[in-house]
Structures are given as C-alpha cells and as structure tokens.
Protein chains: 2
Amino acid sequence: MESDLVGAADNTIHRMAGDERRQQLLEVAMHLFSKHGFSGTTTKRIAEEAGVSEAMVFKHFENKDQLYTDIIDHKACSLGMESPMSVLSDFVEAKNDFGVFYHLALNALNHHRQDTEFIRLLLHSALEGHAMARTFFDSYVTTIYESIGEYIEERQKDGAFREVNPKIVVRAFSGMFIHHSMTNIIWDKDQKLLKVSNERAAKEFATVLLDGIRKKDSSSDEQNSTQVQS
Amino acid sequence: MESDLVGAADNTIHRMAGDERRQQLLEVAMHLFSKHGFSGTTTKRIAEEAGVSEAMVFKHFENKDQLYTDIIDHKACSLGMESPMSVLSDFVEAKNDFGVFYHLALNALNHHRQDTEFIRLLLHSALEGHAMARTFFDSYVTTIYESIGEYIEERQKDGAFREVNPKIVVRAFSGMFIHHSMTNIIWDKDQKLLKVSNERAAKEFATVLLDGIRKKDSSSDEQNSTQVQS
DNA sequence: ATCATATTAGTAAGTACTTACTCACCGTGT
DNA sequence: ACACGGTGAGTAAGTACTTACTAATATGAT
C-alpha cells in the first residue's frame, strides 16, 4: 500500500552503538504505531524500516507489548508530563485571566502540533483500551482540571466570573483547543476547513471563553470590540 | 482476555434467514471493530461471536474490507446523515441564538451517547486513514460548518454578534460538545472527572459561547489588560 | 397432502501466507 | 579473544479466504 521510510538515511554502514539503535527503533516504532496502531504494525515492518533484521527488535525489547509501553514511557516522561501549569503560574498569580487561558491554549496547541505522532499514539492506545492511556489520563488530565478549576473558583469568589461549575468551564475550554488539534491531526490534515495560526486560535478561544460572542452593550457603540487581523 | 458475546440469544436453533444473518453479522462486526479497530478484529472472532462458521462471513461479504465499508455505509445512511440542521431551522428563523446553539449541542450529545459504537468506529477508521473517514468528514462536517457559519455571519450583520471569523466560532463551539462526548466515550467512560446531563452540558456550553464566563458589569474592574501581542 | 427437486444456510477442513518470537551462529573493533 | 552488534533460518500459532461438502427449507407438479 504505502511506503513510508523514515530513518533510512544510512550511509554510515551498519553497526550502531546499542543505545543508538535502541533509540532509533523506538522512533521508527513510534512512527509506525502512530500511523497504523498497535495491531496494525508488525515487528517485521519495524525492523525493515530501521534497516535491521527482525531479530534485533527482540534483542532490544522483550516483546512487542514491551516495545509499545517503552515508547509511551519514554515519550510521556520527556515531553508529555512537563506540567503545563508551570508556564501559567505568573499569569495565575497576577490574576490575568486572558493570560492564563491564552497561554494554556497556545501551549497545548504548540505541543500538539510538534508532537503529532505521540497524540496519534495516545488516541490509538485509548481506543484500544491500553492501560497506559488510562494512566496518562488519570495523572495528566486530572491535574489540569484541578489546577484550572481552582483558578476559576478563585475568580468566582473575586466576583470576576459568573457562577458556573468550574469543571464544565474547563471541559468547554479544553474542548476548544483539543478538538481543534484533533481535527487538524486526524481529520483535516491540510486544514482545508479552517487554517489559523496557533496564536490566533488561542486568542479567539480565550476571548470567546471570557466574553462570549454576543455583544453585551447594545446601547452605546455598535461595532468595535475585537478587531480581526489575518 | 475479554469475552463479549453480543447476539447469542439463539434458542431457535440455527438456520436464520439470509438477510437476518447478514444483519446480525453487521452488528457483531461493528461491535468488534469499534472495540478493537480493523486490524485488531479477526474474521474468525466475528464468526465465533455470531455463533457461525468463519465461512459464513465470506458468504455474506466479499472480504473483510467490504464488510467494514458495508457497516459504515449502513450506519452512515441510517443514523449519521440525517441533517442536524433540520431540527434547528425553527430557531434559526426565529433568530433564537440560545435555541440554535443549545439544540445543536444537545442533539449531537444525545446522538453520540446513543451511538457510541459508531463514534468509536469512526475514530478508528480516521486514525487508520480509511477512505471512508474522509468521506464522512467532507460531506457531514463541512455541511455543519457552512450552515452554522452562515447563521453566525447573519447575526453579525444584525449587530448581535461580535466580529469573529465564524469558522473559528464553529470550531470553538463544536469543540466543546464533541470533546465532551469524546472524553466520555474513550477516556472517562464512567465519568469520574465530570458527570453532567446532556441538557445541562448543552445549556452551559451555549451560554459560555454566547456570553462567556466573565461578568460584564464589572464596575470594580481594576486590572483587565487583555492585550497580548503575538 | 406427497414427494422429488432446487435452493439456500451452514460447516469442517483445508490453502497460502503472515505473525510474533527464538536460537545458533557470524564478524569486527578494541 | 571475546564481547557485542548483527543475521539467517527457523517455528508454532494466527491470518484472510476457499473448497467440497451436508442438511434444512422452500417450491411445484402430481
């Protein structure tokens, strides 16, 4: 069907160092798993793509399952788990509402764009019911819901926000940017339907969340509000 | 691992009518495909689950691929394709903003909840890059973006909505309820993180979209500074 | 109704090939 | 000299799909 080579820039003939090859196998495997899922990816194909015999895969990884979870551990540690809250703390302390939500969204959108493969892998494993997906969700997503939820609660006490269930607000807002990323990653890769920069998207999403789309002051000025620049 | 029988309420021993069996095979296969994906589902397993020999699968369907696309055609015609806009036309004509967005969301949420298997199938096929996923997206999703987009444009001309790219608004709003459904379907099936009725969710989402979460009458607004230059 | 006939639902046992995984064995650099 | 990166040739269990066949049922002429 397809032929997607990836790590075959091998002029320096064979014989990599062990760790190097292991790393390469992880990358090749991730690429394939993210494209075809777990059961859609064969160990033979992984080996081929890495330019190595199938036996090598099993020298470096106990079995296919182990390889899969190793990829996830590896990636989850290096990229996924760096708390998204750390970047926001300044804005949270300053109670800069727009800053908080803008950077939350922008940060996520940038991550998703640069780590498409991991997102696809995550989705595959979630659909297939792999245990790791649950782990990721429990430790990562729950954290965000709590942190952002707390911020919203605080701002409600300040009288700055309406009284809505904070979790619903988090769901609504994360829905905006996560669904935006998902659409671009799995449905509309060439962004025929909607093409915007991450900055623009984050800005509009944050503005909608905070102010909605309905004009509030129908009395005074008719149209100025937010200006749109493409 | 698991043992999920589905259509084995067979007291009337064997020998179904052809169409009946075909229907049963479609249902069983859909159930399995939605759970394990295309390559994760074997024809043997489908046959087993239907309580019939593997050969029967190939009597009714040319091959595994054909079975897959037959399921999708069948489902897409019967359930997916009924335009979600038809329900909204009354609200659109009345320019009932809340009505439009509330019922758009509620309708989708109810559909997603009652047709979880099809949603999972759709996601699997999109991830696996099956041609049908693209078809579904092109014909179904695009339609919604256009219809709702037009409504928003109209309301902007009325001076009722701010000037934002309508497509971004659609993306933001559809993100709220689609991501809500997706989360409940693939990540948080028992809704530990957030449990709300579809009516409640639709209401809050529509309200957030229209009015945001920030209080408008903030006379005591000290720091807003919602300016960020990208 | 009756019984031969045609049709259809169904199967057991294959075929040709792929799958994950193993093991005995190279060859080269330090 | 030997550890270490690497392979060729396996194996047993699956895989999608086929073949050659049986038996239940519908049909229709008598």
Side-chain angles (χ1 to χ4, degrees), chain A residues 1-3 7-30 32-33 35-71 124-125 128 130, chain B residues 1-3 7-30 32-33 35-71 124-125 128 130:
Chain A
M1 305 272 183
E2 305 145 85
S3 75
D10 255 347
N11 45 359
T12 50
I13 18 83
H14 316 77
R15 198 94 207 201
M16 283 186 181
D19 290 352
E20 207 178 345
R21 179 110 291 161
R22 194 192 143 89
Q23 188 58 33
Q24 186 216 6
L25 283 169
L26 280 170
E27 277 163 30
V28 168
M30 156 129 130
L32 288 172
F33 281 139
K35 219 168 183 173
H36 312 289
F38 181 77
S39 45
T41 303
T42 67
T43 52
K44 187 185 173 190
R45 186 86 190 276
I46 294 170
E48 265 173 22
E49 219 92 333
V52 97
S53 80
E54 204 181 342
M56 279 306 290
V57 175
F58 295 97
K59 278 254 159 82
H60 282 284
F61 306 93
E62 230 177 72
N63 49 40
K64 199 184 164 189
D65 261 291
Q66 194 52 243
L67 168 58
Y68 195 63
T69 49
D70 275 11
I71 289 172
H124 260 124
S125 72
E128 286 170 352
H130 220 271
Chain B
M1 306 272 177
E2 305 143 87
S3 77
D10 255 348
N11 45 358
T12 49
I13 19 84
H14 313 82
R15 196 91 206 210
M16 283 186 180
D19 290 353
E20 206 180 346
R21 177 110 293 159
R22 194 191 143 90
Q23 189 59 33
Q24 187 217 4
L25 283 169
L26 280 171
E27 276 162 31
V28 168
M30 157 131 129
L32 288 172
F33 281 139
K35 218 167 185 174
H36 312 290
F38 181 77
S39 46
T41 303
T42 66
T43 52
K44 188 186 171 189
R45 185 86 191 276
I46 294 169
E48 265 173 23
E49 219 91 332
V52 97
S53 81
E54 205 180 343
M56 278 308 289
V57 174
F58 295 97
K59 278 250 161 85
H60 283 285
F61 306 94
E62 230 177 71
N63 50 39
K64 198 183 163 186
D65 260 292
Q66 194 53 243
L67 167 57
Y68 195 62
T69 49
D70 275 12
I71 289 172
H124 260 123
S125 74
E128 286 170 350
H130 221 270

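Atoms considered below: every heavy atom in the structure, side chains included; atoms not considered: hydrogens, waters and symmetry mates.
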Output a table of nitrogen or oxygen pairs between the protein and nucleotides 5-8 of chain C separated by less than 3.5 Å.
from, atom 1, to, atom 2, distance (Å)
C:dT8, O2, B:R15, NH2, 2.7

### Residue whose nearest DNA chain D nucleotide is more 5′ - A:M56 or B:K59
A:M56
### Query
Rounded to whole angstroms, how far apart are CE on A:M16 and C1' on C:dT28?
17 Å
### Query
Any idea which of C:dG10, C:dA20, D:dG6 is nearest the A:E54 side chain?
C:dA20
### Task
Could you check how far NZ of B:K64 sits from C1' of D:dG14, rounded to whole Å?
12 Å
### Task
Sorted by first residue and then second, give each ring-ring contact (aromatic ring centres under 6.0 Å, His included) pair with at least one member in residues 39-69 of chain A; sequence neighbours left out.
A:F33-A:Y68, A:F38-A:Y68, A:Y68-A:H130
### Query
How would you label the contact of A:S53 with the nucleic acid (heavy atoms, under 4.0 Å): base, sugar-phosphate, or nothing?
base
### Message
When you measure from the side-chain N and O atoms of A:R21 to the phosphate of D:dG6, is any distance below 4.0 Å, counting only OP1 and OP2?
### Response
yes
#### Entry: Side-chain (B:Q24) to main-chain (B:A50) donor-acceptor, under 3.5 angstrom
yes
### Task
Kindly say if B:T43 contacts the phosphate of D:dA16, meaning a side-chain N or O under 4.0 Å from OP1 or OP2.
yes
### Task
When you get a sec, tell me which of C:dT19, C:dC21, C:dA12 is the closest nucleotide to the side chain of A:T42?
C:dT19
### Task
Let me know, please, whether B:D19 or A:D65 comes out on the 5' side of the other along DNA chain C by nearest nucleotide.
B:D19
### Task
Take atom CD of A:E20 and atom P of D:dC4, then tell me their distance rounded to the nearest Å.
17 Å
### Query
Between B:T41 and B:H36, is there a donor-acceptor pair closer than 3.5 Å when you use the side chain of the first and the backbone of the second?
no
### Summary
Here the distance between atom P of C:dA20 and atom NE2 of A:H60, to the nearest Å, is 18 Å
### Summary
B:V57 and B:T43 have their tightest heavy-atom pair at CG2-O, 4.1 Å
### Task
Nearest whole angstrom, please: distance from the C1' of C:dA12 to the CZ of B:F58.
16 Å
### Message
If you assign each of B:K44 and A:V52 to its closest nucleotide in DNA chain D, which residue comes earlier from the 5' end?
### Response
A:V52
### Query
So, for B:V52 and B:L25, which heavy atoms are closest and what is the spacing to 0.1 Å?
CG1-CD2, 4.5 Å
### Query
Between C:dT19 atom C1' and A:I46 atom CD1, what is the distance in whole Å?
12 Å
### Query
Excluding sequence neighbours, so at least two apart, what forms side chain to side chain donor-acceptor pair (under 3.5 Å) with B:S39?
none
#### Entry: Heavy-atom closest pair, residues A:E54 and A:K44
OE2-N, 3.6 Å
#### Entry: Sugar-phosphate only, base, or nothing, as touched by A:S39 at under 4.0 Å among non-hydrogen atoms
nothing
#### Entry: Protein-nucleotide distance (A:Q24, atom CD; D:dG5, atom C1'), rounded to Å
13 Å
### Query
Can you check the A:Q23 CD to D:dG5 P distance for me, whole Å?
15 Å
